[in-house]
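Worksheet: one structure, shown below.
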Amino acid sequence: MIPHRLRPRAVLACGAGLAVTAALTLTGAAGAQAGPAAAAGSTTVTPAGHSFAATLNGKAGFKAGSVTATCTTSSSRPSDGSDGNRIPEAPGNQNPSGPVTSGINAPTYSGCTASLPGVTTTVTTSGAWQVSMQNGSPITATLTIPTGGFVLKSSGLANCTITAAPSAAADIVATYTNGSPSKLTVSNAGVPVKVEGGFGCPTSTTTSVFNAVYDITDTTDPASQITVSE
């Protein structure tokens, strides 16, 4: 089981899987100094010990330079022999000063199409993914992609390979909404990518854009909801 307290990684861009071109700019008056970062609040994820699934609601969109792909099916589900997709048992489902983290099985993607005629796309995933839930307003969910854990390939008129988190694990920041079902929303999220290929491949692109909404459901007790609170 993955420990529930982690030292937060530096978020490379606002907002799994793939991302928006973003720049972080620091501005301020001359001589001004930044104050100390606000301490993270307490987080509780319930029901403790329950397994959960993440299922795509709608379509997932990925964009890296001129290459755009849309997938209609995606999910991450618990599986036999894996501790992924499981809320930690109490007291591990509570953190008085930060997020609660769970390992997740690498999400699958299918039904993927390209925006360009004559181009087909496939997505493969691998490695140990995880999600960290932090209570707040809004509730945030940080999805961590392991190094090289997401690869999008296009073939046809443009034969490209786009690898997310090519040299180190990368974080995608999403919002989480409690409900029936609860939802995890990735909006214009960005992660670093490496693009390889020949003609038509955006090899100078270093970030990619990801948009998706996932329904989060309790697979241990379908009548329960996966909820984040203080």
Checklist line | Minimum-distance pair of heavy atoms, taken over all atoms of Val123 and Cys71 | finding: CG2-SG, 4.2 Å
Next item on the list: Work out which heavy atom in Lys183 is nearest to a heavy atom in Asn57; give both atom names and the distance.
Entry: NZ-ND2, 3.0 Å
Margin query: To the nearest 0.5 Å, what is the distance between CD on Gln134 and OG1 on Thr140?
Written below: 5.5 Å
Notebook entry, point to check: Is the backbone of Arg77 close enough, under 3.5 Å, to the side chain of Ser75 for a donor and an acceptor to pair up by distance?
Noted result: no
Check: Is it true that a side-chain atom of Thr43 and a backbone atom of Gly98 form a donor plus acceptor pair closer than 3.5 Å?
Finding: yes
Note to self: Using only atom types and a distance under 3.5 Å, with no angle test, would you say the side chain of Asn93 pairs donor to acceptor with the backbone of Pro47?
What the structure shows: no
Item checked: Thr142 side chain to Val173 backbone, donor-acceptor under 3.5 Å -> no
Next item on the list: Verify whether one side chain among Thr46 and Thr227 offers a donor that lies under 3.5 Å from an acceptor in the other.
Entry: no
Next item on the list: Quick one: pull up OG1 in Thr163 and NZ in Lys153 and give me the separation to the nearest 0.5 Å.
Entry: 8.0 Å
Check: Which value, rounded to the nearest 0.5 Å, describes the distance between Phe62 atom CZ and Thr121 atom OG1?
Finding: 9.0 Å
Margin query: Distance check, rounded to the nearest 0.5 Å: Thr122 atom OG1 versus Leu152 atom CG?
Written below: 7.0 Å
Check: Would you find a donor on one side and an acceptor on the other, under 3.5 Å apart, between the side chain of Thr44 and the backbone of Glu230?
Finding: yes
Check: Would you say Ser76's side chain and Asn105's backbone share a donor-acceptor pair under 3.5 angstrom?
Finding: yes
Item checked: Test side-chain hydrogen bond (donor to acceptor under 3.5 Å, both in side chains) applied to Ser132 and Asp171, Thr144, Thr101, Asn95, the passing residue -> Thr101
Note to self: Donor-acceptor pair, distance only, cut-off 3.5 Å: does the side chain of Asp83 make one with the backbone of Gly103?
What the structure shows: no
Margin query: Using modelled atom types and a 3.5 Å cut-off, is there a donor and acceptor pairing between side-chain atoms of Asn135 and backbone atoms of Gly41?
Written below: no
Note to self: Please check if the number of heavy atoms outside Lys194 that lie under 6.0 Å from its NZ is greater than 12.
What the structure shows: no
Next item on the list: Hey, could you give me the OG1/CG distance between Thr55 and Asp215, rounded to the nearest 0.5 Å?
Entry: 6.5 Å
Check: Looking at NZ of Lys59 and SG of Cys112, how far apart are the two atoms once the value is rounded to the nearest 0.5 Å?
Finding: 11.5 Å
Margin query: Could you check whether Glu196 and Thr161, counting side-chain N and O atoms only, form a donor-acceptor pair closer than 3.5 Å?
Written below: no
Margin query: Please give me the minimum heavy-atom distance between Ser102 and Pro88, naming the atom from each residue.
Written below: OG-CD, 3.4 Å
Checklist line | Check: Ile226 main-chain N/O paired with Asp218 side-chain donor or acceptor under 3.5 Å | finding: no
Checklist line | Thr219 side chain to Ser51 backbone, donor-acceptor under 3.5 Å | finding: yes
